[in-house]
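Below: one structure, written as structure tokens.
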Amino acid sequence: MSDERERTSGQDSGQKLAVVIMAAGKGTRLKSRRPKVLHEIGGKPLLMHVIAAASKVVEPGDIYVVIGHEAERVKAAVAAAGVHFVEQAEQRGTGHAIQCARAAIAGYENILVLSGDVPLIRPETIEQLWQFHQAKDAAMTILTAVPENPSGYGRILRRAPGSAEVEAIVEQKALTAEQASVGEINSGIYAFRTAPLLEHLDKLTANNAHGELYVTDMARLLRAAGERVVAIESGDAAEVLGANTIAELVALDATLRAATANRLMAAGVTIFRPETCVIDAGVEVAADTVIEPFVQLLGSTRIGTESLIRSYTVIENCAVGNGVLVRQSCVLTESSVADGAKIGPFAHVRPGCFIGEEAHVGNFVETKKARLGKGAKANHLTYLGDAEVGEKTNIGAGVITCNYDGVNKFPTRIGKGVFVGSDSTLVAPVTVEDGAYIGAGSCITRDVPAGALAVARAHQVTKEGWAAAKRARQETKK
Ligand code: UD1
Ligand code: MG
């Protein structure tokens, strides 16, 4: 096992370590049809955050996710992570979740238990818990915190003030008046030595307010059996908070996004009014780029240096280069924008576009699977779908590529240095070769050779004095 262990302190110490993530619950308090662990913060499901943290401590092959409520949906959502799944068909509590994982964990000396609804946990903190667990040679080690508001969480009863040893965990609903003043909470994250855990696991009873088997009761049971139960307090209470209600979920999202914005600002990105921006955790932006208020940068978006992203723009899964200007209220999705390009305001760059170096996509321009060469311009009121536009080509105002016949999509190819006059329609499939001109208002249905002028519009009829004659006819009718 030791070859692939640079990230697995567990195995470094020669002990076999697994991670169990409890994710089978419905999340009743969210009042949602979506399973709790698939609710998203920072643009990613809660469970994916927990799996990502766990994957930095052990290999995905040593991670067991307990699923139950909407199991297939949860499985499908995180399948790419390469973890194992354990079924908890009926959700009879967190202790029961561990009972369901009995066969999976039996071969490991120790396990770490994480909660699928505690998503901000950092791998470093899981490491600390694991190190402390080993140093104390404990049967159970509980990660705790002292948050501003402990209400709703299980509380830690230490054996004596200042002692590492724990007497019991008491759930909110079972707290005596005296215990309610305890500020130290259970994070729902634990380390267990597997042998004593499995030996005493069946002693759990459902004799409590929820009629469930609580994993938290293992503290008292292991203590009673003479085993050592200890707790280590996390330095940062914010990272162990749970998402049990929508309000808590939204608060965790804000914490995560603030951390992302802070990370980018520390790397030299200017984000004005960062609290108004929605930036997913996986987004990367280079130094000297400026992000204005109310911008959304989503998914795996990458932005280079010295770019300016103006307000109300939403960029999702895009690669944006250096020195790019994206003006106000643009939507860019799954596309690339090369250095020095100018987009917007009010442009819609739909999936599959490549906007070349110093190209312009102006106001009320929509592009889809369009490739604009270096310096190409489509500045006003245009639709370019399934289109190729060569270098330095100018697309006039109101030009439309007619790419769809109601059944199939067809390509439009426009060469380099072409001038497409305003209000022209290009009925695909059609090719306009390099250097050609299209007269304004043309409906182009046939290919245009290089250097040609194509005009396809009705001839203008001008009747001198016609208006005066018409008015005179109207006067005589009165
Ligand atoms: C739990 C702890 C509480 C702690 C808090 C921290 C218990 C009894 N209480 O309470 O002391 O302060 O976490 O966030 O454990 N789950 C299953 N199967 C089940 C029930 C739950 O897999 O049968 C999963 C849930 O999907 C969730 C996690 O276990 O991801 C925790 O369950 P939850 O109901 O949120 O427990 P809390 O009330 O938050
Ligand atoms: Mg919870």
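Numbering of ligands and ligand atoms starts at 1, following listing order. Values below: all heavy atoms of this structure, side chains included; hydrogens, waters and symmetry mates excluded.
For atom 4 (C) of ligand 1, the closest non-hydrogen atom on the protein side is Asn186 O, 3.3 Å. Looking only at heavy atoms of the protein, atom 26 (O) of ligand 1 is closest to Gly25 N, 2.8 Å. The single protein non-hydrogen atom nearest to atom 13 (O) of ligand 1 is Gly188 CA, 4.3 Å, given as residue, atom name and distance.
When heavy-atom distances to ligand 1 are checked against a 4.0 Å cut-off, Ile185 has no atom that comes that close, whether in backbone or side chain. Under 4.0 Å from ligand 1, not a single heavy atom of Val240 appears. When heavy-atom distances to ligand 1 are checked against a 4.0 Å cut-off, His69 has no atom that comes that close, whether in backbone or side chain.
His96 does not count as a contact of ligand 1, since none of its heavy atoms falls under 4.0 Å from the ligand. Assignment of Met218 to the shell around ligand 1 is not supported, since no heavy atom sits closer than 4.0 Å.
Within ligand 1, counting atoms from 1 as listed, the ones closer than 4.0 Å to a heavy atom of Ser187 are 6 (C), 14 (O). Residue Gln88 approaches ligand 1 through these ligand atoms, each under 4.0 Å from one of its heavy atoms: 17 (C), 18 (N), 19 (C), 22 (O), 23 (O).
Per-atom contact check: atom 6 (C) of ligand 1 touches the protein, criterion being a heavy-atom distance below 4.0 Å.
Around the Mg ion (ligand 2), the protein contributes the following N, O or S atoms under 2.8 Å, ordered by chain and number: Asp117 OD2, Asn244 OD1.
Here atom 19 (C) of ligand 1 lies nearest to Gly93 when heavy atoms of Gly93, Gly95, Ala101 are compared.
By the side-chain contact (heavy atoms from CB on, under 4.5 Å) test, Arg228 pairs with Asp137, Ala138, Glu165, Val230, sequence neighbours left out.
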